[in-house]
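Just below is one structure, and these are the notes that go with it.
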Amino acid sequence: MFKDLDPILHSQLRLAVMSLLITVKEAEFTFIKEKTNATAGNLSVQINKLKDAGYIEVKKQFKDNYPQTLCSITTAGVEAFEKYVRDLQSYLQIGTT
Amino acid sequence: MEDKPLDTHESLQVISSMIAKAKDSYHDTGIVSILWGTVIGLCSLATWSQIQFDYKLPFDIWVLTFLAVIPTVILSVKENKQRKVKTYDQTAMDAVWICFGVGIFLVVHANNHVFQMVGELKSMVESAGEPRPAQSFLEYYSAYMLVLYGIPTIVTASIKNFKPMWVGGIICWISALVVPYTNIKVDMLLMALSAITAWLFPGIILYCKTLARRKAVHV
């Protein structure tokens with residue numbers, strides 16, 4: 001039986017952001033932008049969607065007089081990501097049988 | 001990268017490539033390791049040389065370890081400021097090395113206090129000839145220091161899966177096992193060997209890798 005994949009995660013950029021954040025404790029916006037090769041505007045929109053879903057936490061602060069945006073994954077985000085991977089695995093198993 | 005829906009294979013590809021990119025996001029420059037390997041190695045060899053050739057430097061060479069704390073703090077703050085990402089590995093290692101620093105300070109503090117307490121016995125021991133009290137005291141606590149040196153080195157080696165530090169950490173612990181049975185001169189040589197293998201050599205390897213990465217980026 002196919003399980004519905006989480007629509008919040010089932011998008012290239014949002015999944016990339018979550019995959020990055022699941023392996024680190026905290027990352028700057030510029031780091032995520034650099035690793036995903038996304039535009040600042042698009043990334044900002046997708047980060048807000050993840051934040052609204054409660055999957056990530058976004059902290060805005062100043063570092064050496066420059067604004068700094070820090071992102072980290074929440075417990076709900078970790079659970080959603082793990083469920084997404086499990087659902088993907090079940091899809092693949094069905095596909096190979 | 002765009003906001004487009006994916007098929008299952010693309011999803012897996014995105015996940016694995018991003019995890020690989022995140023893993024490759026932080027690299028130790030090795031400068032702090034080089035600094036401490038050099039300082040401890042130098043202090044141990046200078047102490048060995050003073051005993052071997054029977055001379056005395058006008059100052060306690062181990063004061064260098066306190067001075068080395070200043071560049072360590074400056075370098076750590078600078079590296080922390082440059083970091084765009086905080087990894088779990090790095091957070092764990094930072095905690096281990098801070099605990100190590102505090103641990104060393106507490107051991108040195110406690111031992112110096114004991115040494116002062118037995119100060120009155122110094123003249124008695126000195127009049128009796130060898131071993132000199134300062135030497136026998138160093139002999140007493142080099143094993144503790146070597147045990148402490150080994151702990152963060154092996155934890156770092158284990159987290160980073162970095163073989164040169166494994167070798168260095170094991171040498172620290174083997175030395176800690178041996179030093180109670182050897183004289184102060186051998187103790188100091190083993191301490192120098194431990195510092196060089198645990199920190200200096202791995203630090204140089206890390207620094208060379210950093211230079212190679214920088215070169216690759218600029219090419």
Side-chain angles (χ1 to χ4, degrees), chain A residues 2-3 5-39 41-47 49-50 59 63-64 66 68-73 81-82 84-85 87-96, chain B residues 1-29 73-99 155-156 158-162 210 213-214 216-219:
Chain A
F2 285 113
K3 290 174 185 174
L5 289 171
D6 185 340
I8 298 285
L9 295 182
H10 199 54
S11 123
Q12 193 183 24
L13 186 49
R14 288 196 293 270
L15 183 62
V17 172
M18 290 292 283
S19 306
L20 271 181
L21 292 179
I22 198 125
T23 41
V24 301
K25 198 178 174 191
E26 200 173 59
E28 275 187 32
F29 180 86
T30 48
F31 171 83
I32 302 171
K33 184 174 165 283
E34 185 188 308
K35 297 291 172 187
T36 55
N37 290 322
T39 62
N42 191 13
L43 182 60
S44 189
V45 170
Q46 304 314 323
I47 280 180
K49 282 186 185 172
L50 290 168
K59 241 185 343 189
K63 183 182 169 188
D64 298 330
Y66 287 97
Q68 184 194 37
T69 305
L70 292 169
C71 303
S72 58
I73 198 161
F81 187 82
E82 284 172 350
Y84 181 82
V85 173
D87 292 346
L88 267 185
Q89 282 170 337
S90 66
Y91 262 90
L92 290 169
Q93 276 164 7
I94 290 164
T96 52
Chain B
M1 204 168 270
E2 296 159 30
D3 178 30
K4 65 166 189 180
L6 308 154
D7 66 35
T8 46
H9 288 284
E10 282 174 334
S11 291
L12 284 177
Q13 220 169 14
V14 168
I15 293 170
S16 57
S17 77
M18 284 299 131
I19 288 174
K21 279 185 183 180
K23 271 188 182 168
D24 200 38
S25 59
Y26 177 75
H27 300 282
D28 191 347
T29 56
V73 171
I74 294 170
L75 284 167
S76 303
V77 169
K78 197 181 154 198
E79 279 185 8
N80 259 324
K81 274 190 172 181
Q82 284 171 345
R83 267 188 225 169
K84 286 182 177 177
V85 62
K86 205 186 267 183
T87 63
Y88 291 106
D89 286 5
Q90 198 53 41
T91 309
M93 284 197 299
D94 285 350
V96 168
W97 284 98
I98 288 170
C99 290
V155 171
T156 304
S158 171
I159 292 175
K160 284 277 178 194
N161 196 18
F162 187 42
T210 305
R213 257 193 311 274
R214 280 183 194 159
V217 168
H218 291 297
V219 168

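Computed from a predicted model, the values in this text were never measured in an experiment. Just so we're on the same page: letters track the sequence lines, and every chain starts at 1.
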Please classify the contact between [X] and chain B as side chain, backbone, both or neither, with a heavy-atom cut-off of under 4.5 Å.
X	answer
A/V85	side chain
A/Q68	neither
A/F81	side chain

Residue part contacting chain A, namely of B/T91, when any heavy atom lies under 4.5 Å: side chain

Any side-chain donor near an acceptor of the partner, A/Y84 and B/S11, under 3.5 Å: yes

Pair A/S11, A/Q46: side-chain N/O donor-acceptor within cut-off below 3.5 Å: no

Given A/E28, A/E34, A/E26, the one that forms salt bridge (charged side-chain N to carboxylate O under 4.0 Å, His left out) with B/K84: A/E34

Presence of salt bridge, B/D94 and B/R83, under 4.0 angstrom: yes

